[in-house]
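These numbers come from a predicted model, not from an experiment. Just so you know, ligand 1 is whichever comes first in the structure, and atom 1 is the first atom listed for that ligand. Residue indices begin at 1 and follow the sequence shown. The figures that follow rest on heavy atoms only: side chains count, while hydrogens, waters and symmetry mates do not.
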Amino acid sequence: MDHFHRTGADGSDDLHVEGVALTAIAEAVGTPTYVYSRATLERHYRVMDDALAGLPHTICYSVKANSNLAVLGVLAKLGSGFDIVSVGELERVLRAGGEPAKVVFSGVGKRDDELRRALQVGIRAFNVESAFELERLEAVAAALGQRAPISLRVNPDVDPGTHPYIATGLRSSKFGVPMPEALPLFLRAAQSPHLRVVGVDCHIGSQIVEIAPLVDALDRILTLVDRLAEHGVALDHVDMGGGLGIPYRDEAPAPPDALGRAYAERLSPRGLELIVEPGRLIVGNAGVLLMRVLGTKGGALPGAGDDPTAQAATRFVIVDAAMNDNIRPALYGAWQAIEPVAGEVACRGDPAPVDVVGPICESGDFLARARPLPPLRRDDLLAMRSAGAYGFSMASTYNSRPRAAEVLVDGDLFAVVRQREDLASLWREERDLATFETALRSRGPT
Ligand code: LLP
């Protein structure tokens, strides 16, 4: 459930976020703009928390899904921990008020400076993904005179049944340590005076709609846990990563409480704490991308043949958001709902299939293809739903398009939580040719 609806207090059937009409946000902030609902964020966090109430657990929200400081702050205030993959994400969490002792650090390539900083602030666990990382971490911890808490990320070799780019627990993927190598690596870590084995970790993929692959992964991990126990290595926690999917269209993802029950059944008898790293589940349906129609163009849809009516029909709706704002459709062929913000648009006529495209100079720049939408006109506002996760966090400035603004709604109020980038910010870190040449001259021929 979310807090996006068409029942305004004034009786309007325009799309609202909590108590705020999206038209009001577009007017005040412009477009394209990401709009997040605080009540929805909080609700999704609590749904996950309640689903795991039967066992000791920590939710480590996966920062990569949406790393806006205000979003992180809302979650930190609820007591969430955080799953990070870079020192940048770590600093964001700290800046947002997150507790370092509830941070887990994932990722296949952590630099020494990142390991050092995370050790200094005292994170909960390093999700170690390789033998070489274990060595680096041991060296960095030794130099600091510390003992690094480690959780080995294993690759359980299960197929999560999702898009190949976001399936991470197959033997062929770059993530984690293959199961057969895990035991010796754990045993080696357990011998080190600079490492403390605290857990085992996996993350098999994203947008998973069945619980079976997750439970299967846990079963495989528990076999490893038992073998470790035989060798006298006891763990504090099992981290099952993130990955539970959300309804984008007509998917019916398994509810978190079904997963919670399956996890509890297996973990409670062993007295192990559960860590989960949900990202999409918490923020995905808590955000929309608000955009405006720049104009429409004719052209036939593929397969329309020479039919002149089909040729004349609107084929493209060109909007002011593009693949640089939300790359998911272009990159994964992702489907996200798009709807007109004003309720009256639906009364204009029957929906007909159109491509919703951005201004970027690539044919891959589409937000939706052959999508049935009512007749649209210049200046109509559209909302792309389910845009809270991996929307802004994957945005770029391709085609020198400043990144969108971000707004957080809280009840009847809203405020900007990230300014729209200005043009100068596009080249703020760059040097023009004259500056470059001056720099060369001052250095001499080296
Ligand atoms: N933990 C780890 C180690 C991860 O790699 C990820 C996501 C998560 C947790 C959170 O997964 P979630 O609960 O959000 O499924 N950009 C893609 C998704 C990439 C996911 C990468 N890893 C998309 O837009 O669909």
Side-chain angles (χ1 to χ4, degrees), residues 34 41 44-45 47-48 51 58-67 71 75 80-86 89 103-110 124-130 133 151-156 160-170 173-177 199-211 213-214 217 238-249 251 253-254 256 259 274-287 289 323 325-336 367 384-396:
Y34 276 96
L41 282 172
H44 290 169
Y45 178 85
V47 165
M48 193 70 203
T58 302
I59 297 177
C60 291
Y61 164 71
S62 192
V63 174
K64 64 173 82 68
N66 184 323
S67 46
V71 169
L75 295 168
S80 184
F82 296 92
D83 161 53
I84 59 160
V85 289
S86 68
E89 288 190 350
V103 168
V104 295
F105 194 168
S106 307
V108 284
K110 307 178 185 79
R124 162 120 192 217
F126 291 85
N127 288 338
V128 172
E129 301 218 14
S130 62
E133 181 184 339
S151 171
L152 214 54
R153 176 169 176 179
V154 298
N155 186 333
T162 187
H163 190 285
Y165 286 11
I166 53 178
T168 48
L170 287 165
S173 98
K174 70 175 176 178
F175 298 98
V177 174
V200 58
D201 166 51
C202 79
H203 170 79
I204 61 168
S206 201
Q207 186 56 15
I208 301 168
V209 292
E210 308 275 346
I211 63 169
L214 290 160
V238 171
D239 179 341
M240 289 304 295
L244 210 52
I246 60 168
Y248 279 101
R249 192 177 190 177
E251 307 90 329
L259 187 63
L274 171 70
I275 292 180
V276 286
E277 305 168 355
R280 192 187 318 263
L281 185 80
I282 291 179
V283 288
N285 279 330
L289 173 58
M323 67 190 284
D325 299 302
N326 181 4
I327 201 173
R328 301 193 68 259
L331 189 57
Y332 315 110
W335 191 101
Q336 292 179 227
L367 298 176
M384 186 171 206
R385 305 288 302 266
S386 310
Y390 307 108
F392 189 92
S393 66
M394 292 177 84
S396 75

inquiry  = For Pro278, state whether at least one heavy atom is located under 4.0 Å from any atom of ligand 1.
reply    = yes

query = Strictly under 4.0 Å, does any heavy atom of Asp83 approach an atom of ligand 1?
reply = yes

task = Of all the heavy-atom pairs spanning Asn326 and Tyr390, show the shortest one and how long it is.
result = OD1-O, 4.1 Å

inquiry  = Is the terminal nitrogen or CZ of Lys110 (NZ for Lys, CZ for Arg) located under 6.0 angstrom from the six-membered ring centre of Phe105 and within 45° of that ring's axis?
reply    = yes

ask   = Just going by heavy-atom distances, which of Glu129, Met394, Gln207, Arg280 is nearest to atom 25 (O) of ligand 1?
value = Arg280

Numbered atoms of ligand 1 (with element) below 4.0 Å of [X], judged on heavy atoms:
X: Arg328; answer: 23 (C), 24 (O), 25 (O)
X: Arg153; answer: 3 (C)
X: Glu277; answer: 1 (N), 2 (C), 3 (C), 8 (C), 9 (C), 10 (C), 13 (O)

Is there a polar contact, in the sense of an N or O pair closer than 3.5 Å, between [X] and ligand 1?
X: Gly243; value: yes
X: Gly279; value: yes
X: Tyr332; value: yes

key: Part of Leu331 with heavy atoms under 4.0 Å of ligand 1, whether side chain, backbone, both or neither   = neither

task = For Ala51, enumerate each residue passing the side chain to side chain contact (heavy atoms under 4.5 Å, CB included) test, keeping only those at least two apart in sequence or located in another chain.
result = Pro256, Asp257

message = Can you list everything that forms a side chain to side chain contact (heavy atoms under 4.5 Å, CB included) with Pro213? Sequence neighbours excluded, please.
response = Ile204, Ile208, Glu210

query = Nearest 0.5 Å, what's the CD-CZ distance between Gln207 and Arg328?
reply = 7.0 Å

ask   = Looking at SG of Cys60 and CG of Asp83, how far apart are the two atoms once the value is rounded to the nearest 0.5 Å?
value = 7.0 Å

query = Is there side-chain contact between Trp335 and Glu251, with heavy atoms separated by less than 4.5 Å?
reply = no

